[in-house]
Structure formats: structure tokens, C-alpha cells
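A quick write-up on the structure given underneath.
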Amino acid sequence: MNAAVALAEIVLALSGLGILMVGVLLRQADFRFASLLTIAAFIVAALLVAVEPHGTGLFGAFVTDGFSTFMKLLVLAGAVLAVLMSLDTARETQVQRYEFPVMMLFATIGMMLMISAADLMTLYLGVELQSLSLYVLAAFARDEPRATEAGLKYFVLGSLASGLLLYGISLVWGFGGSMDFAVLAHTLSAPAVASKGLLIGLVFVISGLVFKVSAVPFHMWTPDVYEGAPTPVTAFMSTAPKVAGIALLLRVMMTPFGHLAAEWQQVIVLVSVLSMALGAFAAISQHNIKRLMAYSSIGHVGYALIGLAAGSAVGLRGVLIYMLTYVFMNAGTFGCILAMRRRGHLVEEISDLAGLARNDPLLAFAFAIFMFSMAGIPPFAGFWGKYFIFAAAVQSGMWTLAVLGVLLSVVGAFYYIRIIKVMYFDEAKEAFDLRPASLSLVVGIGAVFTTFFFVVPAPFVAAATLAVKALAF
Amino acid sequence: MNQMGFPLLSLVTWMPLVGGVVIMFLRGEAAVVAAQSRLVALVTSTIVFLLSLGLWFGFNSADPGFQFVEQVPWLPQWGITYKMGVDGISVLFVLLSTVLTPICVLASWESITSRVREYMLSFLVLETMMVGMFCALDFFVFYMFFEGVLLPMYLIIGVWGGPRRVYAAVKFFLYTLAGSVLMLLALLAVWLVAGTTDIPTLMHYSFPVGMQDWLFFAFLASFAVKVPMWPVHTWLPDAHVEAPTAGSVILAGVLLKMGAYGFLRFSLPMLPVASATFAPLIFALSVVAVVYTSFVALAQQDMKKLIAYSSVAHMGVVTIGIFTFNVQGISGALLQMLSHGIVSGALFLCVGVVYDRMHTREIARYGGLADRMPVYAFLFMLFTLASMGLPGTSGFVGEFLVLVGAFEVNFWLALFGSLGMILGTAYMLYLYRRVIFGALTRADLRSIKDVSPREVMVFAPLVVITLWMGVYPLSFTGFWEASVHALVMHQQAALAGAVKLAGVVH
């Protein structure tokens, strides 16, 4: 059964259980200790992922290849940054319990399963493990009505999406005859075999997955959950799970259903355009920064999906580079948002940032870099992501999509530079509390990566090119 | 590296950033940091200027190709290289940028009092972006710098600008961004078809005629906003009025030239057929710009706004010159660009001088300054005359050459173009009369002081260049003669080829 391919996941799961034991046995074991252990576990897992053998295992349900290595490393990077961010902000956000990092760890295992899924059942298990952990995390601040509401909302809508996904899987299984990606790919290589029932199943599967990456029209939960969940959870949710969701979407679309590209492409194009448009226009009127980031993440998913819509190796590479840049700038942005604290309480209004450039020039500078990067202004990393995405769209001759995309990015730029405007042009308000070192570290990592990506983009592009080769090209 | 074995262009480009890093690490009391930032910025930009003089003396004007070329692989598998170089068309714009930056630093010495460190940092970053843009020999690198200019300028207008600065800054940012994202798509299309983003290669690549039209409009969207051409010029008056004096100087002096430079570097050589096809459109827009904005300028109550509208009119003359496709027209356009860079920059500085004293730019608030500020009146007059295009000043030669070139194309074009000179005389003299002459009626103007030695230092180089360009333009036109000639020959050959091809098809 070749379990060696899943060594990283197994080790991570065992460490998760171990950390839980430690938490229970050592009564005084605190949140901080558990968090540090979790980070250590992530790092070990990352090392294992980096050297893992490529192949299928666990009775063909699990696959590791260049693609999974790239994406898992990205997910683990996002997870480490998220745990780091929660280290010194847990008390204010009422998540300071040792189970908190453990839940993040289990969610991460779910994501890694999603990335390595070679079978619709593994896919579903991965999605559910990730989602259930996230539901709990969203409601982790038990005494906070907003968080409970967010958790419940997320749970109800998420279950609905899981239902859709499961229903789609059953249809695909019924009409396609298998749940194994390789078998499905083989069966569907003659498009005539793709019956109407299978296509309906495919649409359901796409709907379920689109919900998980919060793209339009299954985005409704995102702003409420982002706003209500404790901010460290929001930071986590908007980074690693997005990467895993996109990775899963890429693999499912390209591997088993790669031959049906003509069928799903139009769906993805529609989802992509709607997400970009909604992300750009709906964010304009937001005044809560977490809601704004929710719409921003919807927009970013829209851009990433352009690469999938292009359906070419270049397009997928674009998506990979986009997600790479997204993880670091998004983590950095949330680092900045978590640093918005006055007298021990988090503040979330955009207007609270007023005059940050005077009170804390370094933080404002980093925040400005992230915002410019998200708007896609060169030379920052975000521009490169967009560049590779649009290059793919142009190469596939999808001019309408490309023109819409760049024009919507101008609309998006409006609200990103509005934040810079508030920080730099408005009169200073009361200063924020002193930044904890962990946040400075995360913001620093994000800022350095975002700023200096342009100096040596070549190795990252090469890694992404290699990763994409695994997906049937 | 390059033929000299010395990366002069990269040094000129990145040196300001080194100064910027030094400024970032200054520590101490606010006043000390401010003083040190000013000094570091001035020293850095002066060193950069001195380095860039190497271009002036080392440039071989007989060679129409690119010189001082240096390249480093950047994204080799994508055919993207970090490649720098200048030819006759771009070399003087590098110098224009490096001349104006120290002047701007000096002009902001006293007028900027808040957040001096960030201000100087922005200017140094801006200098890197401007110089890099004119030096870039890779389309991708060009785009990075072209967009990169937005960031510091956005902050300069938004942080240190006037009362409506936020509106102006956001408008400036979005207008320019909307244009340049379309150019990004054109860049991708170009790269896709030609397989490279190397500008010298692209300049001799013949794109399919049908594709040229699309590319032309994508480029136009970007460059027209930057020039700015009517009807996308509306961001300019707002940005100029709200920007601090030095910001206006750089905007008018260098940033407006980026659009025209883009036409010369990309549209004309890469898309010769489409450029010829759509030249009438450009002429029409330019004539509207010249005539309409001149009338608008005549009606302005705000000094900066008046000069801003005059910039649009002057740049209209430039775009006419570029699309005449003859040596006189293009040569004249280049000279007019340089001249406008110096003269309108100087005019904004003139406004800045009285603004620093009276904190208003309303024309009606002034009058009779000749009595109290004789030196200032003289300087202002010189630049007013240069802006009108008086023979002997820089403004004359450029406009004259453009009109000669336009005459070869179309009589009416030349006629409407010259209308700009007449109207220019009207609004500039009207401005000058209202501000400098007349009776000194306002009490608060009685105690106004004439220009200080620092301000004389700011103006002196600009006076020298203005007169030099007017009296002996050959020392400037000599730089680009060979390049412009090659450009025109290339254009004619491409058109002849296209006609021949059409003949074969029919």
C-alpha cells in the first residue's frame, strides 16, 4: 500500500495527537508551548514534504508529485505564518487555549490530503477534515456572540456545500464508473462517453469546490465569517485553505476531467469574471477591514481562476505563482491588521488606520507595500502573479477575459490605495499598542518577500513550471 | 556589461535608491533628521547628476543605435532581460530627469516642513523610476519603471499637496493605472508574437498589420493619459494644482514626457503602419488639445491651473510633431519636450516662489509685484517668453520645427498648430500682466521679499539651459539627429513594404 508517500501527513497527525496529549497531561501546559510545538511539527512536515518520494500510495487514493510538493510547502508556509500571528494575539481574541494550534494543525492535514487526493473519496475526506476544523476555529471564541454566529453560519452553509460536493461525487461515480482520478481520466478520454448525468455531477463538484475557495456565486458566507471569526482565524482561513482549495480545483479539473475542458471552461470563466467584479465593486463601500479583506480574497480567487480557465500549462503555472505571492502578501496584511490594537483591544475599522504613517511609519510602510502589491503595481510580488495570469489568458486568446480582468484590477486598486490614503494622508489618531515581536516577524517576512520577489523571480517560476508538469502535461 | 566595462546607466538609475536607504536609517530628533534628509537627498541627486554628465560627454551622436548597453539575464526562459541603454532619443531625457531632481530638492528646502524624510525618500525613488524608464531596453523592465513612477508621485501629491490633494492623488493614480494596464496586455501580446521583450529587437520586428491596430490603441490608452492628450487630460490640472511645487515640476518636466517618449519608442518604430493609419486621429486630438485647452487656460483664475492647461496645449504640439513622421517634426517635438520640461518646470517654480510667501495661487490676489520683486519679475518674464516661444528662447526652436514638419503634412494642421503659439502668447502675457504689472494694491504684498539666494540657485541652471537651447539648439538636436533619421527611414521603409505587400495581395 506504500504508505511512505503519506509520511508527512502521518507524522503531522501523530504530532497533533501528541500535542493534545501534552496539553492534557501537563496541566500547566500553555497555549504558547502548544503553538511552538505545532510550528515545529509544521517545519518537520515541510522537510518531509520536500524530500518525499513521488508516486501513488494507499491503494491509489493518494498521490504525491511535483505539484503536491509545491502546494503543500505553500500551505505549510501559510500555516506557520498563521500560527505565528496567533502567538501574541490569542489573548485579546479569546482563543488562548492549547487546542487552538492543534485545530489549525488538523485543518492543515486536511489541506494536505486535498492536495494529494487521487480519488474523489480522498478529496471529500480532505475537504471535510479541513472544513470541520475551520468551523470549530471560527467559533473558537466561545463567549463572543459574533464568533459563534460566524461559526454557525459557516457550518450551515459549508455543510450545504459539502452536500453538493457529495451529490456531485455520487453522480460522477454513477455515470463515470469510478472514483479514481486516473481511471476517470482514462474513461473520459473519449468525450462521447461524458453523459449528461456526468456533466451535471461535474457542475455539482465544481459548485462544492468553488464554495470552499469562496468564489462567486458561492461567496455569501465569506464577508460574515471573515468579520465574525477571531482575527487570527481569519488570517489562517484566508491563506492556507485558499491555496489548498485552488490546488484541489486545479487537480480535479485537470486530471480526471482534463478531457472535458471545453465543458467546464465556460463555468470557470463565469466564476472568475463574477468573482473579480464582485471583489472589486463590493469592497469599495466597506469600512471594516476584515470585510474588505474578505472581498479582496474573493477578487484574488477570481484572478487565480483566470489561469485555470486558460486551461494551459502556462495558465496553471500562473495560478501557482499567483498563490505563492498571495500567501505572503495576505499573511503580511493580516499581520498588519492584527497589529491594530488600542489598549489591548483589536480595532477593525479602516478609519482606525488614520495617520498610521506618523505613529508607526514602519508598519504603515509595510501595509502600503502589501496594498500596492495586492493592487498589482510593479515591482511588488502581486504584479508578477497578475502578469503570469494575464500572460496565460492572452496566450490562450481569451482577450475578453484579459481586458475585463485588467480593468477590474483598476477598480480594485481604488480600494487598496484608499487604505494607503487613510494611513498616509489623513490626520493621525491615537497610536496603536506596541507591536508584539511575532507580528513584526510575520509582517517582515511578508514585506521582504513581496518587495524583493522581483529580484530573483526565476527560481520560483522554474519551480512552478516543474510542479505543473505533474498535472497531465 | 557595456563597451566601457562600467555600468553607468545602472549606477545613475539605482544610485538614488542608495541615498534613499541612507535616509531611511537616519536616527535622531525630528529636526535633525529633516535637515540630514535634505542634505542626503541633495548630495545624492547631485552625484547622480554628475554621473549622468558622463552620458553627455561619452555619447557618440553619430551612432543611431543604443549605447552604454548593459544586460543581465533576469527571466531567461521568458526572454526577459534586465537591459539598459540609451540612444539619441532617450539620452537627454535621462539628463532632464537628473537635472530637475536636485533642483526640486533645493526648491523644497524650506517649503516642505512636515515629514521631510519621507518626502526626500519619495523624490529619490521617483528619480530611480524616471531614469530607469528612459534607460530600459526591455519592454518588461520599461513597464516596471513606467508603473513604478505612480507610487512615489501618488504619495507626493497626496501627502504634501493642497486642500483637495486626496481627490487629485486618487484621480491621478486611477487614470494612469487604467491606461497602463491596457499597455500590459499589449506587452503580453507583443511578447507572445515576437517571443521577446527586447526593445531593439521589437523595433525591427514587423507585426501583422491587423494586430498593429489593436496594439496601437492599447499603447495609446496608456501614453495618451500620460501625455496627456485631450480628452483624458482632466487629471492633470487637478494633480498640478494640488501637488507641492516640486511635485508639479517633476510632473510637468518629466512625467508628461513619458507618454510622448512612449510614442517615439514603441508606437512609431514597432507599429509603423498603424501609426500612419491613425495619425489623422492623433492630429485631430492634438489640435483640439492645442486650441481648446489654450482657451481654457485663458479663463483660469489659478496660476498653477493656467500653467497646467498650457502644458496640455504644448504637449499637443509635441504629439503633432511626433506623428508627422519627418525629421523636422520629430526633432522639433523632442526639442519642444525638453524645452517644455525646463520652462514649465521653471514656471511652476515661479508660482511656488510667490505661493511660499503668500500661500495663495489666485491670480487676482497678486498684482504689481514688479516693484517689490524685480529679480523675480525678470525670471518670470524670461520663462513666460520662453513658454510663448519667443525666438532666442528654447520654446521657439521646437515649435518652429514642429510647424515646419506639420506644414509638410498638411497646411491646416500647421495653421491650427500655430494657433497654439498665438493663444499661448495671449494667456501667458495676460497672466504676467495681472501678476507682475499693475498697481500694488494689496497691503500684504508691500512687504513681500524678492527671491532669496537659494531660489536664485534653483533658477540659475534653468535660465542657462533655456537660453542655451534657444541660441544654440544644435548642441541638443545633434544628439538625436542620427537616431531620428534612422527612425524616419525605418518608418518609410515599413510603409513602403506594407504598400508593396498590399499591391501583391490585390
Side-chain angles (χ1 to χ4, degrees), chain A residues 314 317 355 357-358 361-362 364-365 368-369 371-373 375-380 383-384 386-397 399 401-418 420-426 454-462 465, chain B residues 24 73-78 80 82 114-115 117-118 121-122 128-129 132 140-151 154-161 165-193 214 218 221:
Chain A
V314 179
R317 170 171 63 187
R358 279 172 186 276
L362 277 180
F365 190 61
I369 287 175
M371 290 299 110
F372 277 133
S373 174
I377 309 291
F380 301 116
F383 163 74
W384 290 81
K386 288 212 167 65
Y387 177 81
F388 284 103
I389 288 285
F390 287 123
V394 166
Q395 199 162 22
S396 302
W399 283 102
L401 189 59
V403 171
L404 277 174
V406 294
L407 290 181
L408 286 169
S409 83
V410 178
V411 180
F414 173 74
Y415 64 81
Y416 291 125
I417 66 169
R418 191 166 62 113
I420 301 173
K421 176 224 126 191
V422 171
M423 290 191 300
Y424 277 84
F425 306 168
D426 288 1
F454 81 95
V455 180
V456 278
F460 296 106
V461 179
T465 313
Chain B
M24 269 171 107
W74 194 16
L75 265 178
Q77 67 271 49
W78 285 63
I80 295 174
Y82 171 79
S114 70
R115 296 199 241 179
R117 177 214 296 261
E118 288 86 351
L121 184 63
S122 305
T128 289
M129 296 299 173
F140 190 81
V141 180
F142 171 86
Y143 185 81
M144 304 267 290
F145 284 120
F146 190 82
E147 285 268 271
V149 168
L150 277 181
L151 312 181
Y154 172 68
L155 292 178
I156 288 171
I157 297 175
V159 177
W160 295 277
R165 59 186 198 274
V166 173
Y167 170 78
V170 172
K171 191 171 179 181
F172 162 75
F173 193 96
L174 292 182
Y175 259 68
T176 331
L177 184 65
S180 38
V181 291
L182 290 174
M183 184 170 74
L184 176 65
L185 288 185
L187 158 65
L188 289 167
V190 162
W191 162 79
L192 190 66
V193 172
W214 288 106

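Protein chains get the first letters and strands the later ones, always in sequence-line order, with residue 1 at the start of each.
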What part of B:Ala218 is in contact with chain A, defined as an atom under 4.5 angstrom from a non-hydrogen atom: side chain, backbone, both or neither? neither

Would you mind checking which part of B:Leu192 comes under 4.5 Å of any heavy atom in chain A, side chain (CB onward), backbone (N, CA, C, O), both or neither? side chain

Rounding to 0.5 Å, atoms CZ (B:Phe140) and CH2 (B:Trp191) come to a distance of 10.5 Å

With chain B, the option among A:Trp399, A:Phe372, A:Phe365 that has the most non-hydrogen atom pairs under 4.5 Å is A:Phe372

Between A:Phe383 and chain B, which part of the residue has a heavy atom less than 4.5 Å away: side chain, backbone, both or neither? side chain

At their closest point, which heavy atom of B:Arg165 faces which heavy atom of B:Gly158, and how far apart are they? NE-O, 2.6 Å

Distance from A:Met371 atom CE to A:Ile377 atom CD1, nearest 0.5 Å? 12.5 Å

Could you walk me through whether A:Asp426 and A:Lys421 pass the side-chain contact (heavy atoms from CB on, under 4.5 Å) check? CA-CA 7 Å; A:Asp426 288 1; A:Lys421 176 224 126 191; 3.5 Å; yes

Is B:Phe146 in contact with chain A via its backbone, its side chain, both, or neither, using a 4.5 Å heavy-atom distance? neither

Toward chain A, the part of B:Leu184 with a non-hydrogen atom under 4.5 Å: side chain

Which heavy-atom pair separates A:Pro379 from B:Met144 by the least distance, and what is that distance? CB-CE, 3.4 Å

Honestly, the part of A:Val455 sitting under 4.5 Å from a heavy atom of chain B is backbone

Can you tell which part of B:Leu187 gets under 4.5 Å to a heavy atom of chain A, answering side chain, backbone, both or neither? side chain

At a heavy-atom separation under 4.5 Å, does B:Ser180 approach chain A through its side chain, its backbone, both, or neither? neither

First locate atom CZ of A:Phe425, then atom CD1 of A:Ile420, and finally report the distance between them rounded to the nearest 0.5 Å. 8.0 Å

Closest non-hydrogen atoms of B:Leu75 and A:Ala458, given as atom of the first, atom of the second and distance, are CD2-CA, 3.6 Å

